[in-house]
Amino acid sequence: MIEIQNVHKSFGKLEVLKGIDLTVEKGEVVTVIGGSGSGKSTLLTCINGLEPIDTGKIVVDGTEVHAKSTNLNKLRQKIGIVFQQWNAFPHLTVLENVTLAPRKVLGMGKAEAEAIGEKQLKHVGLGDKLSTYPSRLSGGQQQRMAIARALAMSPDYMLFDEVTSALDPQLVGEVLETLKMLAEEGMTMICVTHEMAFARDVSDRVAYFHKGIMAEIGKPEQIFNDPQHPETQKFLASVR
Amino acid sequence: MIEIQNVHKSFGKLEVLKGIDLTVEKGEVVTVIGGSGSGKSTLLTCINGLEPIDTGKIVVDGTEVHAKSTNLNKLRQKIGIVFQQWNAFPHLTVLENVTLAPRKVLGMGKAEAEAIGEKQLKHVGLGDKLSTYPSRLSGGQQQRMAIARALAMSPDYMLFDEVTSALDPQLVGEVLETLKMLAEEGMTMICVTHEMAFARDVSDRVAYFHKGIMAEIGKPEQIFNDPQHPETQKFLASVR
Amino acid sequence: MFDTALSAADLIFLAKGAGMTIIVTAISVAIGTVLGILFGVIRVQLGAVLAAPLTFFLDIFRSVPLLIQLVLANAFMGMVLHLRFSGFTIACMVLSLYTAAYCAEIVRGGIGAVPATTRRAARSLGMSWWQDMRYIVAPLATRVALPSWIGLALGVMKDSALVYVVQVTELLKSTQILITRLQEPLFLLMICGAFYFIISFPLARLGGYLEKRWSND
Amino acid sequence: GTAQADKLDDIIASGTLRCAVVLDFPPMGMRDENNNPIGFDVDYCNDLAAALGVKSEIVETPFPERIPALMSGRVDVGVASTSDTLERAKTVGFSIPYFAFEMAVTSNDASGIKSFDDMKGHTVGATAGTFEAIALEKQINEWGDGTFRPYQTQADVFLALSQGQIDATVSTSTVAQANVKTGNFPGISVVGKAPFDTDYVALFTNRDEYGLINYLNLFVNQQIRTGRYAELYEKWVGGELPALTVPNAYR
Amino acid sequence: MFGYTFQWNQALARLPKILDGAAVTMEVAVLSMLIGIALAIFLTLLRLSGSRPLGAIATTWVEVARNTPALFQIYMAHFGVASFGIHFSPFVSLLIGITFNNAGYLAENFRGALKAIPETQTRAGRSLGMSQGQAFRYIILPQMLRISFLPMTNQMVWAVLMTSLGVTVGMNTDLYGVTQDLNALTFRTFELFAIAAVIFYLITKIITLGARAIAWRLFRY
Ligand SMILES: Nc1ncnc2c1ncn2[C@@H]1O[C@H](COP(=O)(O)OP(=O)(O)OP(=O)(O)O)[C@@H](O)[C@H]1O
Ligand SMILES: Nc1ncnc2c1ncn2[C@@H]1O[C@H](COP(=O)(O)OP(=O)(O)OP(=O)(O)O)[C@@H](O)[C@H]1O
Ligand SMILES: [Mg+2]
Ligand SMILES: [Mg+2]
């Protein structure tokens with residue numbers, strides 16, 4: 001369970017998160033939508049402790065993320081994250097990309113890590129690219145590899161930050177399919193996305209962010225058919 | 001008058017122009033359309049002698065372009081050309097871009113060149129950008145600057161090579177407007193373009209190139225409404 | 001072709017000088033690279049303000065002629081601190097710091113060339129700072145830095161010609177000694193220059209080649 | 001305080017005497033065809049080591065680096081034909097003179113220089129940091145005509161002289177004779193004396209090492225008494241033995 | 001604490017002389033840069049000329065300059081070429097040595113810079129009626145110098161540092177030479193060279209900061 005309680009966060013003078021409260025249950029898929037600069041990405045990087053927060057707290061499975069005593073490297077093993085920019089490690093093959101963290105962080109043996117890596121890469125449809133270098137992959141393939149890389153750590157939670165927005169339109173579909181598959185398998189997920197159809201189909205709940213505030217959260221039918229907050233209405237009108 | 005007579009041209013083994021015949025009268029606007037690699041750009045660079053030809057001849061106002069005795073630098077002063085890629089000189093301001101050739105090639109004084117430069121820049125709608133550097137201009141503004149730069153040499157002919165194809169859609173219009181204006185002022189022009197509406201509206205004649213051959217040439221109404229050559233029909237069907 | 005009094009013993013003498021050039025270079029580049037990586041990482045880690053003293057210290061080695069660095073180090077160690085270091089030791093110490101100063105810049109550039117987002121991805125997989133450095137930053141930064149580093153190593157070899165001021169008889173000094181005896185300056189200088197060239201040129205080419213190859217993918 | 005070992009003790013204890021010697025200064029210091037150090041100063045250092053009962057080690061030092069080599073602890077004693085100037089004595093401690101030089105003018109035959117005064121208006125050179133270089137540069141400045149060039153080594157000076165880059169040089173007469181004699185430098189000759197004071201040269205060590213300085217003084221005296229000085233002079237220089245005492249003066 | 005008594009006043013009393021030396025050092029460095037840039041442009045043109053022998057000459061120059069020690073080049077300029085009966089004064093020898101080095105390094109920088117300038121720039125110039133020379137002079141050259149500005153600044157710093165090698169060819173009027181002469185007189189090695197070091201440091205700082213200011217004023221595009 002991820003519990004976010006009254007989180008405030010500023011970059012210098014700019015307050016980016018202005019008191020966010022959100023609880024994500026095990027097995028739930030929460031989609032976050034909202035305008036550019038509303039703080040969506042920042043929230044995700046706070047959840048796995050890549051960014052510090054100012055006040056409030058974030059608790060993941062009973063561990064307070066920003067407590068001094070927390071071993072962040074350990075915590076991050078259970079929270080996978082995939083970013084908008086493809087972050088392939090260019091000097092490693094696809095399989096090596098995926099097995100690096102299991103081997104070095106979890107201390108797995110080579111054979112074991114490769115078995116897991118292959119399984120995850122097949123899972124995302126890259127079973128035939130194991131020894132290819134990332135520069136030979138399309139953007140969509142790179143994103144799927146990044147997903148497999150995160151999955152290879154057997155995370156309990158997955159965070160996705162606009163994983164399709166840097167892709168060519170024809171590559172978006174394959175990545176969204178992968179996300180859908182994960183959701184169906186019961187993964188707990190927070191997805192920041194601009195793909196409204198995806199949000200509507202896959203989410204248990206949809207949250208709308210506006211200028212550092214979670215303006216509205218609810219079932220997808222409610223948010224998309226009957227938005228309460230005027231900003232949500234405006235936003236949905238603009239993206240349709 | 002530009003007379004092109006049975007021009008052949010190869011790059012290595014690849015024959016790019018396979019016997020082109022075309023005469024452009026003073027004041028005429030000829031538009032060249034055709035598939036990628038059909039030799040359109042090559043023809044333009046042959047006309048002002050930037051590329052040599054293999055056989056045939058090109059005569060501009062009685063001067064044979066590729067004759068040994070021809071002073072190409074002099075000839076090029078009367079043939080302006082604007083390319084697809086914006087070729088702004090990045091180290092010079094907009095006004096300096098435009099006045100450089102008049103000053104160094106025609107030996108004009110600074111004041112005179114600047115008067116002409118300002119006039120031409122105003123003409124293309126850049127009167128307020130004189131001391132800006134090109135990097136601060138949009139693609140459309142850079143193309144208009146390139147047009148002004150060519151006009152500042154008071155050319156008798158202007159060649160345009162897909163001047164809008166590298167532009168964002170919303171910037172295409174402003175450049176086409178400038179071309180239209182030049183056509184209305186009576187400039188003799190050869191325009192390579194993918195903008196069919198423009199070709200139809202502005203041209204006196206439209207030529208269709210296919211694999212190094214001028215497959216068809218005629219009034220725009222005829223070419224667009226009643227193309228004779230099967231390739232022209234296919235091409236026009238594909239771009240509609 | 002040349003009528004020369006150069007004897008086999010003289011050639012051995014020259015070879016010894018060349019050996020000294022190579023040894024001084026190898027030691028200095030080895031130590032300097034280790035220090036340079038350390039300083040470079042510290043500078044990146046601390047940020048411009050906190051690392052300012054280190055930056056200033058390293059900057060000195062790039063802003064004062066090597067000849068003066070050697071003379072001063074020599075004078076300081078001996079006259080002021082009364083440490084009995086051999087000229088060879090002083091030469092290696094100064095050249096090591098000299099190398100480190102340039103190497104730190106190269107390392108900084110290399111680390112800077114690794115996209116922040118890639119490092120973020122590594123950390124988000126649970127890798128520690130050290131693992132990120134070891135498995136992601138080091139291999140990627142090396143590609144960027146290696147060509148410059150080769151250039152630096154060759155530069156140090158050429159600059160090692162100056163250690164004669166602390167009584168280390170390297171190649172150029174050996175050549176000068178032979179010129180004293182044999183009075184064939186041009187011929188001897190050609191041999192000496194050829195030696196530097198033969199070592200430096202192929203490696204410099206290799207650096208250029210690597211730079212081209214790695215900047216393409 | 002506790003009794004401290006001084007440098008003399010250190011040398012005896014370490015078993016090695018390290019001498020600064022200039023090796024491009026024939027016949028005082030030079031190299032044989034195997035590039036091993038030889039010369040008057042080399043023998044003198046060996047004698048000193050033998051007297052101390054230790055091995056000797058010759059450390060080659062160019063002229064400008066002699067004193068820095070001592071000050072930086074690289075050598076124990078300078079046996080390097082070093083003029084005992086008062087300016088330098090502020091920094092290092094000198095023994096009594098162990099050798100004395102006359103200064104000679106050597107010129108390139110093509111220059112037409114036949115005497116010291118002929119050098120006026122010409123380009124001349126000497127070894128940077130030496131007694132004669134300092135004196136010659138001063139003379140050129142007094143004449144106000146001509147150019148002075150200091151080279152790093154005595155060898156470079158003679159190289160430049162034989163190449164015609166400089167027209168003449170002033171050096172110790174022994175060096176001049178020795179260099180001309182080698183035949184390495186065609187077209188140069190010793191043409192006369194330079195009217196500089198006799199250049200007395202002394203051994204040197206750290207200013208405060210009185211024990212060692214005392215020892216050096218006695219050693220120089222013994223070399224003369226035992227005839228070894230005359231023997232070495234004959235071996236390396238030849239001719240009339242210069243006096244090492246100054247008339248009408250102590251020390 | 002130290003067994004050495006610093007006598008800064010002795011050394012500082014000689015500061016005016018040392019500063020005169022600094023002026024000579026700057027003179028050599030600036031001249032060697034100006035001539036070096038001109039030669040580097042010339043070498044670049046030779047390499048662009050398409051002529052094999054001319055290109056080979058330029059390439060040899062560049063490779064020798066970059067692959068042998070500067071000290072060697074300076075020594076060669078004085079004692080090496082004198083074997084042919086060509087005599088240069090220490091000042092000229094030093095200047096030749098450093099200029100040779102500068103030209104080689106700069107020519108290589110220029111080559112890299114040219115690669116960064118699109119071919120279409122020359123085309124655009126030519127199509128306006130400019131001759132090949134005019135297109136190079138007014139369009140390519142300024143961009144090339146702009147791209148090479150930082151390497152040129154570094155080279156200028158190196159030129160300043162390289163002047164210290166002049167002592168090997170009998171130079172005694174530059175910053176290092178003056179300092180060495182004074183050292184021979186007084187043996188205040190540490191103090192004198194420390195002062196010289198500080199002056200060298202200040203000169204290089206002035207050059208880098210000055211270059212930054214110039215770049216800021218000059219290259220506003
Ligand atoms: N490291 C940082 N330093 C300073 N400001 C930052 C930093 N990261 C983000 N910001 C600022 O914080 C605000 C919120 O950024 P964030 O990336 O969280 O927005 P977002 O909702 O993800 O927007 P987008 O849809 O464009 O990705 C923005 O104004 C951004 O400029
Ligand atoms: N400098 C060159 N060297 C070799 N081949 C060339 C050169 N320039 C053009 N070509 C080739 O000549 C053929 C015709 O090129 P050209 O640029 O004239 O076509 P185009 O009709 O302008 O096409 P597009 O619409 O893509 O601009 C192409 O196959 C091209 O690859
Ligand atoms: Mg974002
Ligand atoms: Mg084209």
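Letters A, B, ... mirror the listed sequences (proteins, then strands); counts begin at 1.
Around NZ of Lys17(E), the count of heavy atoms belonging to other residues, nucleotides or ligands within 6.0 Å does not exceed 12. Within a 6.0 Å radius of NZ in Lys57(B), no more than 12 heavy atoms belonging to other residues, nucleotides or ligands are found. At most 12 heavy atoms of other shown residues, nucleotides or ligands fall within 6.0 angstrom of atom CD in Glu119(E).
Distance alone, capped at 3.5 Å, places no donor-acceptor pair between the Gln85(B) side chain and the Thr120(E) backbone. A distance-only check finds no donor-acceptor pair linking the side chain of His91(B) to the backbone of Ile140(E) [under 3.5 Å].
Within residues 21-41 of chain E, no residue approaches chain B closer than 4.5 Å by heavy atoms. Near-neighbour residues of residues 75-83 of chain B relative to chain E, defined by a heavy atom under 4.5 Å from a heavy atom of that chain, comprise Arg76(B), Gln77(B), Ile79(B), Ile81(B), Phe83(B). Along residues 99-114 of chain E, no residue comes nearer than 4.5 angstrom to chain B, judged on non-hydrogen atoms. Residues of residues 121-133 of chain E that come closer than 4.5 Å to chain B, counting heavy atoms only, are Gln121(E), Arg123(E), Ala124(E), Gly125(E), Arg126(E), Ser127(E), Leu128(E), Gly129(E), Met130(E), Ser131(E), ordered by residue number.
When heavy atoms are compared at a cutoff of 4.5 Å, Ala88(B) approaches chain E solely by way of its backbone atoms N, CA, C and O. The part of Glu51(B) that comes within reach of chain E is its side chain, from C-beta onward, which places non-hydrogen atoms under 4.5 angstrom from that chain. Neither the backbone nor the side chain of Thr93(B) comes within contact range of chain E, judged by heavy atoms closer than 4.5 Å.
Across Leu50(B), Leu106(B), Thr132(B), the residue that shares the most heavy-atom pairs under 4.5 angstrom with chain E is Leu50(B). The candidate with the highest count of non-hydrogen atom pairs below 4.5 Å against chain E, out of Arg149(B), Lys104(B), Met153(B), Arg136(B), is Lys104(B).
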Exercise. How far apart are the C-alpha atoms of Leu92(B) and Ile139(E), what are their side-chain angles, what is the distance that settles it, and do they pass the side chain to side chain contact (heavy atoms under 4.5 Å, CB included) test?
Worked result: CA-CA 9 Å; Leu92(B) 302 177; Ile139(E) 295 168; 5.8 Å; no
